[in-house]
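First up is the structure itself, then whatever we jot down about it.
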Amino acid sequence: MEKKVENATIELLNGDITKLSVDAIVNAANSSLMGGGGVDGAIHRAGGPEILRECKEIVKEQGGCPTGDAVITTAGNLPSKYVIHTVGPIWKGGFENEEHLLANCYRNSLNIAVQNGIKSIAFPNISTGVYKFPPKKAAVIAIKAVTEFIKVDDSIERVIFACFGDENYEIYKDIIEGLE
Ligand code: ADP
């Protein structure tokens, strides 16, 4: 399904983000930027060694990526042009600023996208895997951060939420259908 918000289209997908031919896919990375499990592992596996090589360069320059921030690399062998790596917060009961940090992931990824002329971008459900962020709370934050961003920015044309399984897909569908 999809929904028009201002000049952009929000699209919902239930499937593997690594298959998408968009300008950028976002990776739910960890602060070491050295790869991991979940969507991070899938992106590095499908994209090949060039992505990790560039991540290592970034680590050399800035020493990893703080939670809520984002960095950009090539997409290697993936059909997208770039991978934006953002570091979601680990859920700790909501007492450690996790909600604000998760919103920062979406905002900072979109900022770095705009700086690189990216017009179509796909997000996974950041922090809802190994990092255990409650899925519904995470979806509300993700959709709010993205819609607020595209209301003030007019360069992003497509934002795709790539859910990976029915639970998140249904949660996102309900919220997106209710958008003004
Ligand atoms: P985090 O550490 O931020 O929780 P995970 O990779 O463990 O990151 O999970 C984030 C989300 O990515 C989860 O909802 C998980 O189901 C999803 N995911 C895992 N593999 C893929 C994939 N290939 N494409 C899209 N989403 C994926």
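Indexing begins at 1, ligand by ligand and atom by atom, following the structure's order.
Ligand 1 is never approached by G36 to a heavy-atom distance shorter than 4.0 Å. Ligand 1 lies out of reach of T18, whose nearest heavy atom is not under 4.0 Å from it.
Between K60 and E57 there is a salt bridge, since at least one side-chain N of the basic residue sits less than 4.0 Å from a carboxylate O of the acidic one. Ionic pairing of K81 and D23 is present here: one or more N-O contacts between side-chain nitrogen and carboxylate oxygen are shorter than 4.0 angstrom.
Close approach of ligand 1 to N125 (heavy-atom distance below 4.0 Å) involves ligand atoms 10 (C), 11 (C), 14 (O). The atoms of ligand 1 that sit less than 4.0 Å from any heavy atom of G15 are 24 (N), 25 (C). Taking every non-hydrogen atom of A42 and a distance limit under 4.0 Å, the qualifying atoms of ligand 1 come out as 23 (N).
Checking side-chain atoms of E98 against main-chain N and O of F95 turns up a donor-acceptor pair under 3.5 Å. In terms of modelled atom types and a separation under 3.5 Å, the side chain of N14 and the main chain of G165 share a donor-acceptor contact.
Residues forming a side-chain hydrogen bond (donor to acceptor under 3.5 Å, both in side chains) with S32 (at least two apart in sequence, or on another chain): N30.
Nearest non-hydrogen protein atom to atom 14 (O) of ligand 1 is T128 OG1, 2.8 Å. Summary of contacts: the protein heavy atom closest to atom 7 (O) of ligand 1 is V130 N, 2.9 Å. The protein heavy-atom contact nearest to atom 23 (N) of ligand 1 is D16 OD1, 2.9 Å. Of the protein's heavy atoms, V39 N, 2.8 Å lies nearest to atom 6 (O) of ligand 1. The shortest contact between atom 8 (O) of ligand 1 and any protein heavy atom is with A28 CB, 3.9 Å.
In summary, the side chains of D154 and N7 do not present any donor paired with an acceptor at a separation below 3.5 Å, with no hydrogens or angles considered.
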*Should D69 and N104 be marked as a side chain to side chain donor-acceptor pair (under 3.5 Å) after you check the CA-CA gap, both sets of side-chain angles, and the distance that decides it?*
CA-CA 7 Å; D69 281 7; N104 282 351; over 6 Å; no
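Which of G129, C105, S127 comes nearest to atom 5 (P) of ligand 1 through a heavy atom is settled by distance: it is G129. By heavy-atom distance, the residue among F164, W91, F133 lying nearest atom 15 (C) of ligand 1 is F164. Considering only non-hydrogen atoms, atom 24 (N) of ligand 1 lies nearest to I17 out of V26, N30, I17, L20.
At a 3.5 angstrom cut-off on N or O pairs, K132 does not count as close to ligand 1.
Aromatic ring centroids of F149 and Y106 lie 6.0 Å or more apart.
Under a cut-off of 6.0 angstrom, the local environment of NZ in K132 is sparse, with at most 12 non-hydrogen atoms contributed by other residues, nucleotides or ligands.
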